[in-house]
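The sequence lines fix the lettering, A, B, ..., with proteins before strands; numbering per chain opens at 1. All values below were derived from every heavy atom in this structure, side-chain atoms included, with hydrogens, water molecules and symmetry-related copies excluded.
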Amino acid sequence: MTVDPTPIDPTRALAPRFAAALEAAFGAEYRDTDPLLQWSDRADLQANCSLGLAKRIGEKNPRAVAERLVAKLDASDIVERFEIAGPGFINITIKSEWLAAQLSERLGDARMGVAPTAAPETVVIDYSSPNVAKEMHVGHLRSTVIGDCLARLLEWQGHAVHRQNHVGDWGTPFGMLIEHLLDLGETRAIEELGVGELNSFYRAARVKFEESDAFKDRARKRVVALQAGDQETLRLWKILVDESTAYFDAVYKKLDVTLKPSHIAGESFYNPWLQSVVDELEEKKLSELSDGAVCVFPPGFVSKEKKPLPLIVRKSDDGFGYPATDLAAVRYRTQTLKATRMLYVVGAPQAQHFAMVFAVAKMAGWLAAPARAEHVGFGSVLGTDKQIYRTRSGETVRLVDLIDAAYDRSLEIVRENSTHIPEDEQREIAKAVGNAAIKYADLSSDRVKDYVFDLDRMVKPVGDTGVYLLYAHARSRSILRKVEKEHGLKAPEAGARLLIEHASEKRLVLQISKLASVLDEVTTVLAPHKLCGYLFDLSVRFNDFWNQCPVLQSEGDTRLSRLALVRATADTLKLGLSLLGISAPDRM
RNA sequence: GCGCAAUUAGCUCAGUUGGAUAGAGCGUCGGCCUCCGGAGCCGAAGGUCACAGGUUCGACUCCUGUAUUGCGCGCCA
């Protein structure tokens, strides 16, 4: 006995019925016409295809087209009634019994009836990418949160996901960083880095570099030694990398992010292949020498005065720039990791850079169908003054300070509202609340736009916030706990009888039924904010149901049925939140 | 100068492939506790979808132009 992999979603269940009706009414060539099924605020669903069809058929009256279509529709098991409205919209009311049966079958399923993808891929997600010996700041927040969400989603759908943390662990700054480390002494340097004092470490090195010619000279020589593979220099470099890795790991744990040290494949990782990238480009006659630098001029990219825009693969001083590293990474990911989909979760300003890298990679044959790469760009984090988010003194904000601030505010709120919960559990809840606040605020608006970071707003337990969703979830769990304790009733399992009687119950179940198609859309267009919107709507409908349909006070089949709805809601919220990277406590 | 993106209610944001009356949240005002958790719910006020043209049965959505803002544009990553 296998569970029907067809999702509960009535738009999917109806799609083949429409295809058949379109063929019956207008001929085989109309079978594949999109019925344009949409969720509707005037009915449960609406189909908008009649208006376009009328034109194609040459029928003047779209209402007549709708009538012919409805006459051929065989869906009485799913649909209670079709109504033709306005110029020819088909409004659809779904049978409550059908919805109930669909949901009942999937009750208690860990995937809420959503089947894994039929076409699993190997997906590389490049995200977070902090710099070694440098503080993580708000700029890393978005990449980390968005990338981690996409990684969870795609993995859950059944894809093989490779998380790739492309940390900045190579390049000229390491000359001055290593020399500064030597000045401090290894022990003290490790101490400083160990407690996360990366800002002051980096800044001190920078100041010396700018103020002292002697230091600058040492730094330059050190860079040469590093690139030449000098053992002692590499050992010192490794100290910086290891200390930073431990620091990043602590931040990820704090933020509840799935990145681990093993996911790090930084710039240095690609060093062995940089020359061969250049060689291969030269062999394929794709590159040319321009002012002493090895450049590729991908077609379609022009700078000022219509000059072709180069991707500088090797600089005139023979050093490799980041384009070389990025190209080596593309080649590694398609050829070694066998990725067919690559996501680069990097700020929107780098759109042109990635467009050029991908174009060159295609020219070189490193990025060929079915493999494709997508730059998952995102906007800047702004302060409430609409300027780039900074501290009052104008410095960039440390990511850890931000997380801590959210945690502190959350703890205040939890202490105020959850006096019945012991203190150690309050702290755990506050961690979840703080992370929910930060992540939901980041994920809930269209990622490509800038967003305003407003801690006061995001930790509020009211409104469209992560905390509101956690509360809805905790309320639902509270009922399930209570009914078990007071009445000895367990949460209903698959097959339980569901009675959808009240309008708010139907609205709730319809919302639950959308999960599969929402998740599909979210991973297709890489838009976590659509999942946020879905979960917010679900919470609103649940709270409405809560107010209108008493569970514990009801009896018999009604109570069991409502319990099932509570369980389905709780499970859906928990699942959806977990895919966003947010953990939902059972009580708060 | 060229290119990319953005512009929707006082504020922060949604708006599906071009579909009916452009939706939420916050804030404001007014209601709902003999009721499972009030961190909740319901209602009201609030809009020339930046502006001007165009495409069509129909435009927040597509096209052109203008304005404003942000970001890119050969050896920093």
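Closest to the side chain of Lys307(A), out of rC36(B), rA39(B), rG74(B), is rG74(B). Minimum atom distance to the side chain of Leu552(A) is reached by rC36(B), of the listed rA77(B), rC36(B), rA14(B). In this structure, of rC41(B), rA77(B), rA14(B), it is rA77(B) that holds the atom nearest to the side chain of Gln350(A). Ranking rG25(B), rA14(B), rC73(B) by closeness to the Ser445(A) side chain, first place goes to rA14(B). With rA77(B), rU17(B), rG25(B) as the candidates, the nucleotide lying closest to the side chain of Arg457(A) is rG25(B). Picking from rA39(B), rG70(B), rU17(B) the nucleotide with the shortest atom distance to the side chain of Tyr471(A) gives rA39(B). For Arg481(A), the side-chain atoms get nearest to rG37(B) when compared with the rest of rG37(B), rC13(B), rG19(B). The Glu267(A) side chain lies nearest to rA77(B) when the options are rG74(B), rA77(B), rA14(B). With rC13(B), rU17(B), rA77(B) as the choices, the nucleotide that has an atom nearest any side-chain atom of Leu36(A) turns out to be rU17(B).
The phosphate of rA14(B) has OP1 or OP2 within less than 4.0 Å of a side-chain N or O from Lys449(A). Between Lys530(A) and rG15(B), a side-chain N or O to OP1/OP2 separation shorter than 4.0 Å is present.
Phe354(A) and Tyr344(A) have tilted rings, their planes meeting at an angle from 30° to 60° on a 0 to 90° scale. Between Phe545(A) and Phe542(A), the ring planes are tilted. Angles from 30° to 60° get that label. A perpendicular orientation is assigned to the rings of Phe82(A) and Phe18(A), their planes being inclined by more than 60° (bins at 30° and 60°).
Using a 4.0 Å heavy-atom criterion, one finds that Asp456(A) contacts no nucleic acid atom at all. Heavy atoms of Ala54(A) sit nowhere under 4.0 angstrom from any nucleic acid atom. Using a 4.0 Å heavy-atom distance criterion, Ala293(A) is classed as a base contact. At the heavy-atom level, Asp291(A) lies under 4.0 Å from base atoms of the strands shown. At the heavy-atom level, Cys549(A) lies under 4.0 Å from base atoms of the strands shown. Within the 4.0 angstrom heavy-atom criterion, no nucleotide atom of any strand lies near Phe301(A). Within 4.0 Å of Asn543(A), counting heavy atoms only, lie sugar-phosphate atoms of the nucleic acid but no base atom. Note on Leu309(A): only backbone sugar-phosphate atoms sit closer than 4.0 angstrom, heavy atoms only; bases stay farther off. Among the atoms of the strands shown, none is found under 4.0 Å from any heavy atom of Thr465(A). Note on Ser316(A): a base of the nucleic acid sits closer than 4.0 angstrom, heavy atoms only. Looking at heavy-atom distances under 4.0 Å, Ile413(A) makes contact with a base. Pro349(A) comes within 4.0 angstrom of the backbone, heavy atoms only, and of no base.
We find the CG-OG distance between Leu470(A) and Ser583(A) to be 7.5 Å, quoted to the nearest 0.5 Å. Atoms NZ and CG, on Lys514(A) and Leu519(A) in that order, are 13.0 Å from each other to the nearest 0.5 Å.
Comment: Lys216(A) does not engage Glu210(A) in a salt bridge, judged by the lack of any side-chain N to carboxylate O separation of less than 4.0 angstrom.
Comparing the C1' positions of rC71(B) and rG10(B) gives a spacing of 28 Å, expressed to the nearest Å. With both ends at atom C1', the span from rU16(B) to rG23(B) equals 14 Å, rounded to whole Å. rC26(B) and rA39(B) are spaced 15 Å apart, taking the C1' atom of each and rounding to whole Å. Nucleotides rA59(B) and rG31(B) place their C1' atoms 39 Å apart, quoted to the nearest Å. Spacing of P atoms, rU61(B) relative to rA44(B), comes out at 28 Å, to the nearest Å. rC41(B) and rA24(B): their C1' atoms are spaced 16 Å apart (whole Å). Across the C1' atoms, rA6(B) and rU66(B) are found 16 Å apart, a figure rounded to whole Å. Rounded to whole Å, the C1' atom of rA52(B) lies 13 Å from the corresponding atom of rU48(B).
Closest-nucleotide positions on RNA chain B for His529(A) and Gln46(A) were compared, and the one nearer the 5' end corresponds to His529(A). Remark on RNA chain B: of its neighbouring residues Val414(A) and Ser290(A), the 5'-side contact belongs to Val414(A), judged by nearest-heavy-atom nucleotide.
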| said: ring-ring contact (aromatic ring centres under 6.0 Å, His included) for Tyr322(A) and His353(A)? Distances and angles first, verdict last. | reply: CA-CA 10 Å; Tyr322(A) 56 97; His353(A) 165 68; 4.8 Å; yes

Intra- and inter-strand pairing of RNA chain B, written as dot-bracket with Watson-Crick and G-U pairs under 3.5 Å and | for the latter, reads (((((((..((((.....[...)))).(((((.......))))).....(((((..]....))))))))))))....

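Using a 4.5 Å heavy-atom threshold, the side chains of Leu198(A) and Lys134(A) count as separate.
In this structure His140(A) satisfies the side chain to side chain donor-acceptor pair (under 3.5 Å) test with no other residue, sequence neighbours excluded.
Aromatic rings from His529(A) and Phe536(A) are positioned such that their centres are separated by 6.0 Å or more.
Here the P atom of nucleotide rG25(B) and the CG atom of Leu469(A) are 13 Å apart, to the nearest Å.
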